[in-house]
Amino acid sequence: NAGVTQTPKFQVLKTGQSMTLQCAQDMNHNSMYWYRQDPGMGLRLIYYSASEGTTDKGEVPNGYNVSRLNKREFSLRLESAAPSQTSVYFCASSEESPWRAYNEQFFGPGTRLTVL
Amino acid sequence: GQQLNQSPQSMFIQEGEDVSMNCTSSSIFNTWLWYKQDPGEGPVLLIALYKAGELTSNGRLTAQFGITRKDSFLNISASIPSDVGIYFCAGQLFFNAGGTSYGKLTFGQGTILTVHP
């Protein structure tokens with residue numbers, strides 16, 4: 001069980017370039033999430049997918065697009081990278097259930113992105 | 001949107017000391033969670049609290065869910081070097097869709113903990 005995996009681990013882009021961050025989970029979870037982490041700001045939700053075939057905007061979606069390719073994979077795309085998108089990006093997944101008092105999100109190791 | 005204020009922003013302590021950090025919110029959450037992030041890794045869940053007033057322990061960790069559902073604290077007793085990392089509080093709100101309950105997290109800014117041997 002690898003849990004949540006992310007590729008690449010590091011990436012440097014020039015302003016205006018595009019790229020896709022990949023995320024996969026092997027826990028058969030329905031829900032997947034993309035966050036960005038910036039110093040002093042915690043983790044902020046970019047997009048989430050409650051189930052295969054659905055995606056919704058989070059707190060900071062501007063400049064990003066997502067694709068829920070199948071139940072395992074959830075990708076994040078930057079169409080035209082900007083220096084303000086320099087950040088650490090985390091993917092997470094969780095199993096939603098009406099029987100649990102809380103839904104634990106499991107995080108990947110992160111992608112460190114620098115936009116010059 | 002909801003805002004969580006976590007304090008302190010950073011702590012520098014000696015091994016063996018106790019640590020306390022807290023989070024406050026302007027609005028109510030169903031659940032409070034505490035995560036730890038080791039350097040270069042993603043956050044990992046430490047403790048989950050889902051009853052107002054609840055006090056929960058996990059080894060050297062103790063956390064409480066405030067009675068107003070707007071705050072929580074985390075205590076670490078007898079700190080050790082491997083406690084180093086960033087600690088995040090997170091509030092979880094549930095919404096229902098198609099008969100299933102979904103929980104979105106709002107994170108605090110994090111507390112950076114440094115433990116000197």
Side-chain angles (χ1 to χ4, degrees), chain A residues 2-6 9-10 21 23 25 27 29-61 87-112, chain B residues 1-10 21 23 25 29-52 54 56 63 65 72 85-112:
Chain A
V4 180
T5 57
Q6 293 182 237
K9 284 191 73 73
F10 301 93
L21 281 64
C23 173
Q25 52 92 8
M27 296 174 282
H29 287 166
N30 287 322
S31 298
M32 297 185 73
Y33 310 81
W34 276 105
Y35 294 88
R36 61 177 289 174
Q37 182 181 20
D38 302 293
M41 302 193 71
L43 283 84
R44 292 181 293 168
L45 184 64
I46 304 171
Y47 271 94
Y48 68 99
S49 171
S51 61
E52 185 179 353
T54 68
T55 61
D56 285 286
K57 295 178 180 179
E59 182 185 354
V60 289
S87 188
V88 182
Y89 291 85
F90 287 99
C91 178
S93 72
S94 68
E95 181 60 35
E96 311 299 342
S97 166
W99 315 115
R100 297 187 60 170
Y102 66 91
N103 296 327
E104 180 178 357
Q105 292 185 18
F106 294 84
F107 287 81
T111 293
R112 283 142 188 85
Chain B
Q2 285 122 348
Q3 301 259 341
L4 290 189
N5 292 311
Q6 184 173 348
S7 63
Q9 287 189 337
S10 61
M21 58 193 79
C23 268
S25 169
F29 287 102
N30 299 118
T31 305
W32 281 89
L33 306 166
W34 285 92
Y35 281 82
K36 183 194 177 194
Q37 183 182 23
D38 288 327
E41 301 292 330
V44 174
L45 182 66
L46 295 174
I47 283 184
L49 304 150
Y50 49 90
K51 295 179 185 176
E54 176 184 10
T56 296
F65 190 162
S72 177
I86 306 177
Y87 291 79
F88 291 101
C89 62
Q92 189 164 51
L93 269 182
F94 289 100
F95 62 97
N96 290 306
T100 299
S101 173
Y102 300 92
K104 288 168 63 174
L105 291 177
T106 300
F107 282 85
Q109 302 95 327
T111 296
I112 302 171

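Every chain is numbered from 1, with letters handed out A, B, ... down the list of sequences. Predicted, not measured: the structure shown is a model, and the values here were computed from it.
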How long is the straight-line distance from [atom2] of [Y] back to [atom1] of [X], given to the nearest 0.5 Å?
X: Q92(B); Y: S94(A); atom1: CD; atom2: OG; value: 7.5 Å
X: T31(B); Y: E104(A); atom1: OG1; atom2: CD; value: 12.0 Å
X: D38(A); Y: Q109(B); atom1: CG; atom2: CD; value: 12.5 Å
X: Y35(B); Y: Q105(A); atom1: OH; atom2: CD; value: 5.5 Å

Side chain, backbone, both or neither: which part of [X] has a heavy atom under 4.5 Å from chain B?
X: Q6(A); result: neither
X: L45(A); result: side chain
X: Y35(A); result: side chain
X: R44(A); result: neither

Fill in: Atom NZ of K9(A) with >12 non-hydrogen neighbours under 6.0 angstrom
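For K9(A), atom NZ is crowded (more than 12 foreign heavy atoms under 6.0 Å).
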Item to complete: Using a 4.5 Å cut-off on heavy atoms from C-beta on, say whether the side chain of E41(B) contacts that of F107(A).
Response: no
Fill in: Sub-4.5 Å side-chain heavy-atom contact between F88(B) and L43(A)
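Yes; the side chains approach each other to less than 4.5 Å.
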Worksheet item: Given the options P109(A), A92(A), P39(A), G110(A), which has more heavy-atom pairs under 4.5 Å with chain B than any of the others?
Response: P109(A)
Discussion item. If you count heavy-atom pairs within less than 4.5 Å of chain A, which of L45(B), I112(B), L49(B) leads?
Written reply: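 Heavy-atom pairs under 4.5 Å are most numerous for L45(B).
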Item to complete: Tell me, out of A48(B), A90(B), P43(B), who's got the most heavy-atom pairs with chain A below 4.5 Å.
Response: P43(B)
Worksheet, complete the sentence: The interface call for Q37(B) against chain A, heavy-atom contacts under 4.5 Å, is side chain
